[in-house]
Q: 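What follows is a single structure, and I will ask about it in a moment.
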Amino acid sequence: MKKIIFTLLMLVGFSAKANVINIDLSNTNLAVGDTTQVTLTADSFESFEYFEFDLNYDSTIFSFVPSSFFSDIGTRDVDMVAEENPFGMTFLFFGTPVLAGTHVLARFNLLAIAAGDPTFSLLNVDFLGAVDGLNVDSSAQATAKVSAVPEPSSLVLFSLVGLTLLSLRRKA
């Protein structure tokens with residue numbers, strides 16, 4: 001009897017769906033003016049018909065590049081909304097039901113517009129299956145570092161000061 005109960009528990013435990021959302025950045029060490037590709041993946045998801053969530057990041061450091069948007073579950077501005085908000089981006093899907101599996105919810109570029117160390121996280125996550133809401137693991141986070149690029153005039157000024165110091169040293 002114990003063996004049967006153990007076997008049933010193992011089968012139920014290993015057959016549970018994960019419903020995990022992952023955040024991946026193509027480049028985590030950037031300079032102002034560089035872009036990074038953000039990929040939001042629904043990993044091992046049950047089928048769903050609707051979702052809404054926010055990707056939270058510092059929008060004073062990154063700017064969304066609308067022409068770079070891709071999703072394998074819908075088309076932006078047709079059955080999916082992806083728009084900037086003061087705290088990052090908001091995503092909303094209301095199209096044809098999506099079958100169970102792994103899907104790219106969104107892939108897009110962000111342009112680094114200021115220096116900083118932003119963290120990316122998910123907020124207000126709501127997925128609906130055919131009958132009710134799905135339990136989703138939305139604890140994924142990602143971080144990036146954006147460094148300021150020195151202006152060319154600053155580099156020229158530093159070079160001139162260095163050359164002057166070298167010439168003074170040789171004369172002495």
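In this text, all values refer to a predicted model and were calculated from it rather than measured experimentally.
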Q: Determine whether a donor-acceptor pair (N or O, by modelled atom type, separation under 3.5 Å) exists between the side chain of D117 and the backbone of K145.
A: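 No, the answer is negative, given that no donor and acceptor are paired below the 3.5 Å cut-off.
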Q: Using a 4.5 Å cut-off on heavy atoms from C-beta on, say whether the side chain of M80 contacts that of S71.
A: yes
Q: Establish whether F70 and V38 are linked, either directly or via other cluster members, by ILVMFWY side-chain heavy-atom contacts under 4.5 Å.
A: no
Q: Taking side chain as C-beta onward, heavy atoms only, is F51 less than 4.5 Å from I73?
A: yes
Q: Within the structure provided, determine whether E84 and S63 are in side-chain contact (heavy-atom separation under 4.5 Å).
A: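 The answer is yes, as the side chains (C-beta and beyond) meet within the 4.5 Å cut-off.
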Q: Examine M89 and L111 and state if one hydrophobic cluster contains both, with Ile, Leu, Val, Met, Phe, Trp and Tyr joined whenever side-chain heavy atoms are less than 4.5 Å apart.
A: no
Q: Measure the acute angle between the ring planes of F69 and F64, then classify it against the limits of 30° and 60° as parallel, tilted or perpendicular.
A: perpendicular
Q: For the backbone of S139 and the side chain of D137, can you confirm whether one donor and one acceptor N or O come within less than 3.5 Å of each other?
A: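 Present.
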Q: If we only count heavy atoms from C-beta on, is the D54 to N85 side-chain gap below 4.5 Å?
A: yes
Q: Begin with the C-alpha distance, continue with both residues' side-chain angles, and end with the deciding distance and a verdict on side chain to side chain donor-acceptor pair (under 3.5 Å) for N22 and T41.
A: CA-CA 5 Å; N22 296 309; T41 307; 5.5 Å; no
Q: Should I21 and V125 count as side-chain neighbours, where that means a heavy-atom distance under 4.5 Å?
A: yes
Q: Which of these passes ring pair (Phe, Tyr, Trp, His ring centres under 6.0 Å) with F48: F53, F127, F94?
A: F127
Q: Are T35 and N109 close enough that a side-chain donor and a side-chain acceptor fall under 3.5 Å?
A: no
Q: Tell me if a side-chain donor or acceptor on T36 pairs with a main-chain N or O of N27 at a distance below 3.5 Å.
A: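 Yes; judged by distance alone, with no hydrogens or angles, the pair exists.
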Q: Give, for atom CD of E49 and atom CG of L128, the distance between the pair rounded to the nearest 0.5 Å.
A: 8.0 Å
Q: Between F93 and Y50, is the ring centre distance below 6.0 Å?
A: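 Centroid distance F93-Y50: not below 6.0 Å, so no.
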Q: Following the transitive rule for hydrophobic clusters with a side-chain heavy-atom cut-off under 4.5 Å over Ile, Leu, Val, Met, Phe, Trp and Tyr, establish whether V32 and L25 coincide in one cluster.
A: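 Yes, because V32 and L25 connect within a single hydrophobic cluster, where side-chain heavy atoms sit under 4.5 Å apart.
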Q: What about L105 and L134, same hydrophobic cluster or not, with Ile/Leu/Val/Met/Phe/Trp/Tyr joined at side-chain heavy-atom distances under 4.5 Å?
A: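 Yes, L105 connects to L134 through the hydrophobic network.
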Q: To the nearest 0.5 angstrom, please state how far the CZ atom of R107 sits from the OG1 atom of T39.
A: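 Reported value, rounded in 0.5 Å steps: 4.5 Å.
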Q: Please tell me whether E52 and N124 have a donor and an acceptor in their side chains that are separated by less than 3.5 angstrom.
A: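 Their side chains do not contain a donor-acceptor pair, so the 3.5 Å distance test is not met.
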Q: Do Y57 and F120 have ring centroids that are under 6.0 Å from one another?
A: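 Yes.
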Q: Which atoms form the tightest heavy-atom contact between A115 and A148, and what is the distance?
A: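 Of all heavy-atom pairs spanning A115 and A148, the closest is CB-N, 3.8 Å.
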Q: Under the 3.5 angstrom rule, does the side chain of S59 hit a backbone N or O of P86 as a donor-acceptor pair?
A: yes
Q: Just by modelled atom types, is the Q37 backbone N or O under 3.5 Å from a matching donor or acceptor in the S26 side chain?
A: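 Judged by distance alone, yes, a pair lies under 3.5 Å.
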Q: Before you tell me yes or no, could you show the steps for L40 and V104 under side-chain contact (heavy atoms from CB on, under 4.5 Å), namely the whole-Å CA-CA distance, both residues' side-chain angles and the distance that decides it to 0.1 Å?
A: CA-CA 6 Å; L40 304 173; V104 175; over 6 Å; no
Q: Restricting to non-hydrogen atoms, name the atom on V146 and the atom on A112 that form the minimum distance, rounded to 0.1 Å.
A: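 Looking at all heavy atoms of both residues, the closest pair is CG1-CB, 3.7 Å.
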Q: Go through the steps for V98 and H103 under the test side-chain contact (heavy atoms from CB on, under 4.5 Å), then give the verdict.
A: CA-CA 9 Å; V98 177; H103 302 283; 3.4 Å; yes
Q: What are the two closest heavy atoms between S138 and L122, and how far apart are they?
A: O-CB, 3.8 Å
Q: Verify side-chain contact (heavy atoms from CB on, under 4.5 Å) between L55 and F91, making sure each step is shown before the conclusion.
A: CA-CA 8 Å; L55 177 64; F91 297 90; 3.9 Å; yes
Q: Once you round to the nearest 0.5 Å, how far does CG of N29 lie from OG of S147?
A: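 That separation rounds to 6.0 Å.
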